[in-house]
Amino acid sequence: MITIEQLKALNISENIAITEHARIRLYERNISIDDVVNGINTGEIIKQYENDKPLPSCLILGFSVKSEYIHIVASCDTDFIYLITAYFPDTDMWENDFKTRKER
């Protein structure tokens, strides 16, 4: 299981490995690496994906540099954070706390 402390200890841009998928999504969503770093620094883990491969991952709720809620999906090892994706949560899909997915 990943802890927010593990992520915060690694959380500088030089330690964040960005997948090709994440690079494309960040560009499309106008999310900067500074938004990701700030989101982890201000964030909390709201869901664990312990069965993800090759490493377990988690969903983090934090704030962008412009104080907007941001969701970050990431995994880590002892040296790097692996950014899987990041997005600004949609109020149509998430409750007002942005921690609970709405029932469909």
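Since this is a predicted model, take the numbers as computed values, not measurements.
A donor atom on one side chain and an acceptor atom on the other are found under 3.5 Å apart for Asn41 and Asn11.
Cluster partners of Leu7, using a side-chain heavy-atom cutoff of under 4.5 Å among ILVMFWY residues and allowing indirect links, are Ile2, Ile4, Leu10, Ile16, Ile18, Leu26, Ile31, Ile33, Val36, Val37, Ile40, Ile45, Ile60, Ile70, Ile72, Ile81, Leu83, Phe88.
In plain terms, the two heavy atoms of Tyr82 and Asp77 that are nearest each other are OH-OD2, 2.7 Å. Across all their heavy atoms, Ile46 and His71 have their closest contact at CD1-NE2, 3.8 Å. Of all heavy-atom pairs spanning Cys76 and Leu55, the tightest one is O-CD1, 3.7 Å. Taking both residues in full, the closest heavy atoms of Ile84 and His21 are given as O-CD2, 3.2 Å, listed atom of the first, atom of the second, then distance. The shortest heavy-atom contact between Thr42 and Phe63 is OG1-N, 2.9 Å.
Applying the salt bridge (Lys or Arg N to Asp or Glu O under 4.0 Å) rule to pairs touching residues 81-96 yields nothing, sequence neighbours excluded. For residues 21-48, every residue pair satisfying the salt bridge (Lys or Arg N to Asp or Glu O under 4.0 Å) rule, not counting sequence neighbours, is listed here: Glu20-Arg23, Arg25-Glu28, Glu44-Lys99.
Partners of Glu50 according to the side-chain contact (heavy atoms from CB on, under 4.5 Å) rule, which considers only residues two or more places apart in sequence or in another chain, are Met1, Gln48. Under the rule for a side chain to side chain donor-acceptor pair (under 3.5 Å), Tyr69 has no partner lying at least two apart in sequence or in another chain. The side-chain contact (heavy atoms from CB on, under 4.5 Å) test applied to Lys66 returns Ser64, Glu68, not counting sequence neighbours.
The same ILVMFWY cluster, assembled from side-chain heavy atoms under 4.5 Å apart, contains both Leu61 and Met93.
Once rounded to the nearest 0.5 Å, the distance linking OG1 of Thr3 with NZ of Lys8 reads 10.0 Å.
Counted within 6.0 Å of CG on Asp97, heavy atoms from surrounding residues, nucleotides or ligands total more than 12; the atom is thus considered enclosed. Atom CG of Asp79 is surrounded by more than 12 heavy atoms from other residues, nucleotides or ligands within 6.0 Å.
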